[in-house]
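Inspection log for the structure reproduced underneath, given as structure tokens.
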Number of protein chains: 2
Amino acid sequence: MASSDPPARRPRITEVAAAAGVSITTVSHALNGKGRISEATRTHVHQVARKLGYRPSANARSLGSGRHGLLALKVSLPGSSAAAFVEFDYFTRLLNAATSTALQNGFALVTLPSGQTEQQEPPDFSADGMIAVDPERGDEALATARKRGLPIVTAGRDRDDGTSPWIDSDHRHGTITALDHLAARGARRIALIGLERVNSFAIDAAAAYEEWCASHSVEPIESQVVTDYSQAAGRAAALELLSAPNPPDAIYALLDGLGLGALSAARELGLRVPDDLLLAACTDSTAAAASDPGLTSLSLAPEEIGTGAVEMLLKMLDGSSATVPNRYVATELVVRRSSSPAA
Amino acid sequence: MASSDPPARRPRITEVAAAAGVSITTVSHALNGKGRISEATRTHVHQVARKLGYRPSANARSLGSGRHGLLALKVSLPGSSAAAFVEFDYFTRLLNAATSTALQNGFALVTLPSGQTEQQEPPDFSADGMIAVDPERGDEALATARKRGLPIVTAGRDRDDGTSPWIDSDHRHGTITALDHLAARGARRIALIGLERVNSFAIDAAAAYEEWCASHSVEPIESQVVTDYSQAAGRAAALELLSAPNPPDAIYALLDGLGLGALSAARELGLRVPDDLLLAACTDSTAAAASDPGLTSLSLAPEEIGTGAVEMLLKMLDGSSATVPNRYVATELVVRRSSSPAA
DNA sequence: ATACGTTGCCAAAACGCTTTTGCAGATACT
DNA sequence: AGTATCTGCAAAAGCGTTTTGGCAACGTAT
């Protein structure tokens, strides 16, 4: 079978070199901005490469440089696996942003399967670095990776080990903003529907809540959700809070899903939101926007976190800068009907 | 700075060869089951390699074999980006399964950022193959990939091009099962809340609905959702259906999110589900299970689809088998309260 | 015994880059 | 004018595998 058309093979570096009338060394240097070459040659090579549609082989590049061009992203989904469906919104957006940023920088980003702790062996592909999203205490995979000397950035701080640079939402400030908002809208007794304190988010938010209560001289009313993070769990927690003697007049839930559950609970008890009960949550999602009444929610910036984490990791790999500074990402309170009673 | 301990460098193939007293060729052959070597040598090499903790360099392997060890997964999220939050459940499970399967076979799986059609250049990393989940008509990225000769498997059939092997839920059978179920529970007039017919799922399910109506000599009642696929859209569609003259006594929604929206609509109109209105949906999710009443839903098998797609793609890469057969994955109707009226 | 296929293994050549080293020619310094 | 320093580029040496081609040794048929 005679191959009719050489199927548009990708050009090699040698062909670019030949076309540009220089050596492959020069092509490599020009394209990677490495060696000492004149600006003229550099741009010329760039043009030729572009005209030929040259794209360096990731493999060969890796072999030569010792890099793999691969980043791993590991998310610790809160609670047991798929329960927290509302928060997929957050992770998906984060993942998307991270992937784009990585690709733009010539790296591919691999999502590590979450949940499965009983991975026989750490799936033994080798990445150049790892991003751990909302790492939980005692995370095996993280510890292993760290032991191997893998560069790591955490999104949310690692409670086990403070050595990795992190990027994190400013949960303390955000929580206080949300509580101030509820108070400004008339709340006297704000309850918290919290999370099991396994990651820095849950810890920081709860701490901020307690700090706020202390500084306002009110007693904290906390309902800690431990079972799962679903809407059903939020409903159950809210039912308990609201049917207690001297119930709260506002609820702040640490996840949108929980907040939506609280919304159903209120409805069941015949409480009107926002008139009888003010409601706000964290981790803004489309679900919060779509609910009726709309759920006031603290919008985190998953895209910024995803992008930032990749950028930090790449900076670590670069090796040039000694240490990569940690970074807080601002939150923004999106006020909707659930906290806007008629004046 | 004297490096105190050679930091546990991974052994190279040469070291394994030396330790086993054979050539590197033999080691490679033994480990990959390729060349002609005696069973004795093969097991011996395996033992030595294992004792040394040898793990071949993915890069070098790729360079040598021309493979990259990378698969791309591209999902076309239905509707505009993040609207369909309920369906993240489905995609996340699919993605997780696909990633695991890929890793188990020595491949890493990269999720391509979805939605962004205006990707300047197709992010130019090179994968060995691509999985397109629910490809939409006129998908640019898919066409480009196909033109480049990239092996492709689609999850859900590609309406533009029938050449790629596919794996797909048996939507026709599933839809008919769901409709039969509703009819058996007493439904006389079943309405459909459908989707824009841009992918094979939407097309097949709608076609099955129409086929079922025809074979039961009832008139189809279709509400096509075009705006977005959120709960709000489902609610709007259901409100319209239910307030028309001669409204349906059952609704089948093509996404859980839409079904949940229909549930709110019914509640608003004072209709009791399941007593006044039977409800069922497709793409079972945790949200459907958690709602009150529980939403009867057609459970697809995202894990099986993710795993299957990767397996098919790997078989294509293998090159040994001429063509990879297409595959249907069974669905299962999960019956909940929304379609279980009191006898 | 002679010719011929097998079998079991190895040496060496890719694979397509990056990086290091080397080497002229140009420029600056004494 | 003579030497030291820069500049711009090329040759060559890896990187750690897979693959190709070949060579003995060992049957097995003639």
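Just the heavy atoms: all of them, side chains too, but no hydrogens, waters or symmetry mates, feed the values below. All chains are named by letter (A, B, ...) in the order of the sequence lines, taking the proteins before the strands, and each is independently numbered beginning at 1.
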(Q) Any donor-acceptor pair under 3.5 Å linking the side-chain atoms of A:R157 with those of A:N199? (A) no
field: Any A:S57 side-chain N or O less than 4.0 Å from OP1/OP2 of C:dG16
entry: no
Integer-rounded Å distance: [N] [atom2] and [X] [atom1]:
X	N	atom1	atom2	answer
B:R36	D:dG22	CZ	P	13 Å
B:L31	D:dT17	CG	P	10 Å
A:I37	C:dT19	CD1	C1'	14 Å
B:R55	D:dG16	CZ	C1'	14 Å

Flag side-chain contact, heavy atom, 4.5 Å: A:V45 against A:Y54
no
Anything under 3.5 Å between a protein N or O and an N or O of nucleotides 18-20 of chain D, put it in a table, one pair a line.
residue, atom, partner, partner atom, Å
D:dT18, OP1, B:N32, ND2, 2.8
D:dT18, OP1, B:R61, NH1, 3.3
D:dT18, OP2, B:S28, OG, 2.4
D:dT18, OP2, B:N32, ND2, 3.4
D:dT19, OP2, B:K34, NZ, 3.2
D:dT19, O4, B:T25, OG1, 3.4

Point to revise | Pair A:I37-A:T26, side-chain contact (heavy atoms from CB on, under 4.5 Å): steps then yes or no | key: CA-CA 8 Å; A:I37 41 180; A:T26 303; 4.0 Å; yes
Assert: residue with more 5' nearest nucleotide on DNA chain C, out of B:R42 and A:T14, is B:R42
**Donor/acceptor link under 3.5 angstrom from B:R12 side chain onto base of D:dG16** = no
Check your understanding: Going through the distances and angles, do B:L71 and B:L313 end up as a side-chain contact (heavy atoms from CB on, under 4.5 Å)?
Key -> CA-CA 9 Å; B:L71 307 180; B:L313 190 50; 4.0 Å; yes
Closest to the side chain of A:T26, out of D:dA10, D:dT7, C:dC10, is D:dA10
Trace of the side-chain contact (heavy atoms from CB on, under 4.5 Å) decision for B:F107 with B:L70: CA-CA 5 Å; B:F107 281 75; B:L70 228 56; 6.0 Å; no
Of A:R137, A:K74, A:R146, the one forming a salt bridge (charged side-chain N to carboxylate O under 4.0 Å, His left out) with A:D158 is A:R146
